[in-house]
Amino acid sequence: MSEELLSVDHLQMRFKNPHNRAQTVHAVDDVSFTVAPGEILGVVGESGSGKSTIGRCILGLEKPSDGSIHFGGRDLTKHSLLRNRRDIAKQLQVVFQDPYSSLNPFRTIGQTLAEPLQAALRLSDKQADARARDMLETVGLPRAAADRFPGQFSGGQRQRIGIARALIMQPQLVVLDEAVSALDLSTQAQILNLLAQLAKERGLAYIFIAHDLDVVRYISHRTLVLYRGRIMEQGPAGDVHSAPLHPYTAALNAAAPVTDPVEQRKRRTARAAAATAATAAAAASATPPSPASPAAPATPATGQLGCPFAARCAFAQEVCRTKRPADTPVGERTVACHMYDATSGHTRLGAGMPAAELIAS
Ligand SMILES: Nc1ncnc2c1ncn2[C@@H]1O[C@H](COP(=O)(O)OP(=O)(O)OP(=O)(O)O)[C@@H](O)[C@H]1O
Ligand code: SF4
Ligand SMILES: [Mg+2]
């Protein structure tokens with residue numbers, strides 16, 4: 001039996017494009033990863049890259065087009081289990097960006113938190129109320145918050161309530177989908193610290209979804225970088241952040257605003273080196289590359305053959321437009337880029353200038 005808590009294998013999620021029913025959107029395209037008990041996996045990528053769709057498939061809110069999702073050894077994608085998910089649901093919880101929209105404005109926070117305890121564990125009103133107040137205290141709110149209504153709380157406090165609601169059933173895995181994205185920086189830091197502390201104390205695993213590589217790096221053990229439904233690279237969070245292997249990760253990293261002047265200088269150097277390398281790559285390539293443009297929106301994939309990042313990549317060559325890069329192991333990491341893909345016969349390590357060298361310089 002696997003030691004992993006969660007194992008996602010070759011997950012595919014295809015939708016009909018709502019604007020053109022003849023077209024299929026590959027929201028998630030052959031995505032595989034695992035999460036160990038107590039592990040925090042950051043999932044990062046720009047809007048439309050498929051982050052929430054992966055989360056929704058894990059939570060059973062979408063039925064995947066293909067692939068499997070095993071949680072605690074059980075296949076969540078089986079029909080019978082989907083109908084019978086209540087016991088699994090206790091161990092698998094979610095916190096969204098805005099918990100307010102899913103809180104009943106006419107019920108007190110205490111009632112909302114007590115409800116699942118009463119339904120699933122058959123606790124008495126008094127026992128459930130006591131557990132709800134304990135949980136509020138755990139997330140840094142006063143016990144008396146149980147008597148108030150959702151509209152009486154600030155954004156940060158509401159996110160604490162969202163966390164309390166997710167944790168009250170003592171889950172093993174929590175999907176946090178942009179859970180801190182709407183908060184101001186200081187509240188964001190407080191909530192991130194709270195989440196990290198709770199994970200450590202309770203041995204919780206998280207799938208932490210965000211746009212921002214810095215935020216993901218702060219809380220995660222490992223990071224998975226998504227672009228147009230595909231994994232570009234994954235590996236230890238510190239390594240992915242400080243020395244990206246994939247040009248898309250490097251572009252995401254270079255685009256993130258930073259206040260630290262040392263880090264700013266490092267990124268300026270990396271950008272200058274990338275521009276020089278792009279010119280060299282263009283000269284070496286039969287097909288001139290398009291410049292990487294992190295500002296351009298990620299459009300949904302429609303089953304294209306090559307690398308989804310090819311149109312924006314400064315290093316793209318002909319093979320990038322025709323052949324899908326394999327997930328190539330690089331130490332503890334994997335990267336899907338022909339610069340690292342020995343099987344394609346187009347490995348440019350040594351001959352070219354891989355992103356890791358650029359960013360490390
Ligand atoms: N129900 C649906 N029907 C059609 N297309 C969908 C559906 N749900 C998601 N998509 C498409 O799938 C792609 C991935 O969407 P998803 O919401 O997972 O992205 P995301 O990375 O979470 O983006 P964001 O950062 O904006 O939340 C997008 O192109 C989206 O338009
Ligand atoms: S496979 Fe090609 S286009 Fe894709 S990231 Fe690597 S070099 Fe760029
Ligand atoms: Mg989303």
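Order of appearance sets the numbers: ligands from 1, and atoms from 1 within every ligand. All figures in this text were calculated on a predicted structure; none of them were measured in a lab.
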Are the side chain of [X] and the backbone of [Y] linked by a donor-acceptor contact shorter than 3.5 Å?
{"X": "Arg160", "Y": "Val139", "answer": "yes"}
{"X": "Asn17", "Y": "Val25", "answer": "no"}
{"X": "Gln159", "Y": "Ala179", "answer": "yes"}
{"X": "Lys51", "Y": "Leu226", "answer": "no"}
{"X": "His241", "Y": "Thr223", "answer": "no"}

Does ligand 2 have a heavy atom under 4.0 Å from the side chain of His246, from its backbone, from both, or from neither? side chain

Have a look at ligand 2 and work out which part of Pro247, if any, has a heavy atom under 4.0 Å from it: side chain, backbone, both or neither. side chain

Reference residue Asp29; test side chain to side chain contact (heavy atoms under 4.5 Å, CB included); the match among Arg228, Arg14, Arg324: Arg324

Given Asp177 and Ser52, is the side-chain hydrogen bond (donor to acceptor under 3.5 Å, both in side chains) satisfied, shown in steps? CA-CA 7 Å; Asp177 191 350; Ser52 296; 2.7 Å; yes

Output the list of atoms in ligand 2 that are nearer than 4.0 Å to some heavy atom of [X], sorted by atom number.
{"X": "Ala310", "answer": "3 (S)"}
{"X": "Cys313", "answer": "3 (S), 5 (S), 7 (S), 8 (Fe)"}
{"X": "His338", "answer": "1 (S), 6 (Fe)"}
{"X": "Ala316", "answer": "3 (S)"}

Using a plain distance cutoff, I'd like to know if [X] has any nitrogen or oxygen under 3.5 Å from a nitrogen or oxygen of ligand 1.
{"X": "Ser52", "answer": "yes"}
{"X": "Ser47", "answer": "yes"}
{"X": "Gly48", "answer": "yes"}
{"X": "Pro18", "answer": "no"}

More than 12 heavy atoms of other groups within 6.0 Å of Glu332 CD: no

Looking at side-chain heavy atoms only, is the closest gap between [X] and [Y] below 4.5 Å?
{"X": "Arg222", "Y": "Thr34", "value": "yes"}
{"X": "Leu204", "Y": "Pro171", "value": "yes"}
{"X": "Val216", "Y": "Val240", "value": "no"}

Do you know the tightest heavy-atom contact between Ile69 and Asp75? O-OD1, 3.4 Å

Suppose we only count N/O/S atoms under 2.8 Å; would Cys307 qualify as near atom 4 (Fe) of ligand 2? yes

Numbering the atoms of ligand 1 from 1, which are under 4.0 Å from a heavy atom of [X]?
{"X": "His211", "answer": "25 (O)"}
{"X": "Lys16", "answer": "4 (C)"}
{"X": "Glu46", "answer": "21 (O)"}

Polar protein atoms (N, O or S) that approach the Mg ion (ligand 3) to under 2.8 Å: Ser52 OG

Does the shortest distance from atom 2 (Fe) of ligand 2 to an N/O/S atom of Cys320 fall below 2.8 Å? yes

So is Met13 close enough to ligand 1, meaning a heavy atom under 4.0 angstrom away? no

Within-shell test, Gly45 vs ligand 1, heavy atom, strictly < 4.0 Å: no

Say whether Arg312 and Tyr227, considering side chains only, have a donor N or O and an acceptor N or O under 3.5 Å apart. yes

Between the side chains of Arg230 and Asp327, is the shortest nitrogen-to-carboxylate-oxygen separation below 4.0 Å, so that they form an ion pair? no

Report the part of Glu178 in contact with ligand 1, treating N, CA, C, O as backbone and CB onward as side chain, heavy atoms under 4.0 Å; options are side chain, backbone, both, neither. side chain

I would like to know whether Ser186 and Asp184 meet side-chain hydrogen bond (donor to acceptor under 3.5 Å, both in side chains); could you show each step before the answer? CA-CA 6 Å; Ser186 75; Asp184 63 68; 3.2 Å; yes

